[in-house]
Number of protein chains: 2
Amino acid sequence: MSRSGADLALLLLGGFRSLVDAAIVELAAAGYDDVRPVHDFAMRAIAGGAETTSELGRRLSVSKQAAAKTVAVLQERGWVRREPDPGDARRKRLEVTPLGFEVLRRGEAIFDQLRARWEQQIGRDELTAIETHLATLVGAAPGRLDTPGWIVHDLGEPT
Amino acid sequence: MSRSGADLALLLLGGFRSLVDAAIVELAAAGYDDVRPVHDFAMRAIAGGAETTSELGRRLSVSKQAAAKTVAVLQERGWVRREPDPGDARRKRLEVTPLGFEVLRRGEAIFDQLRARWEQQIGRDELTAIETHLATLVGAAPGRLDTPGWIVHDLGEPT
DNA sequence: ATATGATAGGTAACCTGGTTGTCTTTGTCC
DNA sequence: GGACAAAGACAACCAGGTTACCTATCATAT
């Protein structure tokens, strides 16, 4: 019945949004108010080795100023700390706080749960097929979205 | 190898963005500068029967003020006209201009082309399967994204 | 016939997540 | 020591949203 290409785009966006909206709602219910995708991404990047604001900006493909704004809210909420770098007075080293890791782990659990729910609906093989194909789509595109290789999967313990 | 739920969300967003970014680039190359998804959606909604700014806002699930801003740029670019409604002095009737339809048709063609390219890569059945499953995901979600039933598929001729 | 309430639109102030441009401080390399 | 690069801070701006509030017009009930 031939969906249009625009439909496809809409479906992809819709899928993302239904996942993310559900996650935001559940995080809020768990007491973490107003966690946005950008917060999650940024904390993962920091946990994954983005030590400075400038580096964070590069990894997220945004300007360092934009990264600085994000860091400011993260810091204000106590999810990220900024401390002077002993070896370089220009830098302020970023680190995710235990509380930040908690948010990250919660978010992860929620996403996994949503994914599991969907897997149950459409079947395991179908889901992996979708993921594989999406990965090739994203990978094949003249990528504006930087390959999210920096996404840290093992959140470990909050030290 | 178990992708996480967060990966899935990222893949969906990435898929949307690679499609949309490519479309924006190609539309720009065709002389239509800075066509954003929101412009396309809004014009489709208008073409599909959203006669007033308030109605447009309702259909796009944004405030009427936000819709008014979008209409302002659409009008400025000559893609949409606003004319007083003869039967109701409060209303200003919206209509997509021939130029606006041209943009819409161009965008549609580009999306279809991108979809076709992808279909070639992963196979027809796979793509339809993905679309079907995405549709259930989006449909099943306690939908923040209003069902885009208003999306007009047949752009017809610019009259 | 008019008062009441709903609706269309406009204006203004504000938020978020971006941008560019400019500046200072600090580090590195020759 | 001098030139340049990099980190961060600050300001102005933009897009696309929000809420609050105002006026004009229409519809309806009494």
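Numbers restart at 1 for each chain; the letters A, B, ... are given by sequence-line order, proteins then strands.
Residues passing the side-chain contact (heavy atoms from CB on, under 4.5 Å) test with A:Glu126 are A:Ile122, B:Ala129, B:His133, sequence neighbours excluded. Residues that satisfy the side-chain contact (heavy atoms from CB on, under 4.5 Å) test with A:Ser63, not counting sequence neighbours, are A:Gln65, A:Ala66.
For the pair A:Arg93 CZ and D:dA6 C1', the interatomic distance rounds to 18 Å; values are reported in whole Å. Atom CD in B:Glu76 sits about 13 Å away from atom C1' in D:dC14, given to the nearest Å. Straight-line distance from the CZ atom of B:Arg59 to the P atom of C:dA8: 12 Å, rounded to whole Å. If you measure from atom NZ of B:Lys69 to atom C1' of C:dT16, you get 12 Å, rounded to the nearest angstrom. Counting to the nearest Å, the C1' atom of D:dG8 and the CZ atom of A:Arg91 are 12 Å from each other. We find that CG of A:Leu94 is positioned 7 Å from P of D:dG8, with the value rounded to whole Å. Taking atom CD on A:Glu83 and atom P on D:dA7, their separation rounds to 19 Å, with Å as the unit. Across the protein-nucleic acid pair, B:Glu55 atom CD and C:dG9 atom P stand 10 Å apart, rounded to whole Å.
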Which pairs, protein N/O on one side and nucleotides 22-30 of chain C N/O on the other, fall under 3.5 Å?
| residue | atom | partner | partner atom | Å |
| --- | --- | --- | --- | --- |
| C:dG27 | OP1 | A:Ala89 | N | 2.7 |

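Residue B:Ser63 places none of its side-chain N or O atoms closer than 4.0 Å to OP1 or OP2 of D:dG17. Between C:dC15 and A:Arg36, no contact under 4.0 Å exists linking OP1 or OP2 to a side-chain N or O. The side chain of A:Ser54 contributes an N or O atom lying less than 4.0 Å from OP1 or OP2 of D:dG8. In this model, the phosphate group of D:dG16 is not approached by any side-chain N or O of B:Thr70 to a distance below 4.0 Å at OP1 or OP2. Of the side-chain N and O atoms in A:Lys92, one or more sit less than 4.0 angstrom from OP1 or OP2 of D:dA9.
Smallest separation of non-hydrogen atoms from B:Leu60 and B:Ala45: CD2-CB, 4.3 Å.
Ionic pairing of A:Asp85 and A:Arg90 is not present here: no N-O contact between side-chain nitrogen and carboxylate oxygen is shorter than 4.0 angstrom. Between A:Glu55 and A:Arg58 there is a salt bridge, since a side-chain N of the basic residue sits under 4.0 Å from a carboxylate O of the acidic one.
If you check every strand for non-hydrogen atoms under 4.0 Å, A:Val38 touches sugar and phosphate atoms only.
Looking at heavy atoms from C-beta onward, A:Arg115 lies in side-chain contact with A:Leu127 at the 4.5 angstrom threshold.
Residue B:Ile110 is grouped with residue B:Phe101 when hydrophobic side chains (ILVMFWY) are merged at heavy-atom distances under 4.5 angstrom, including chains of intermediate members.
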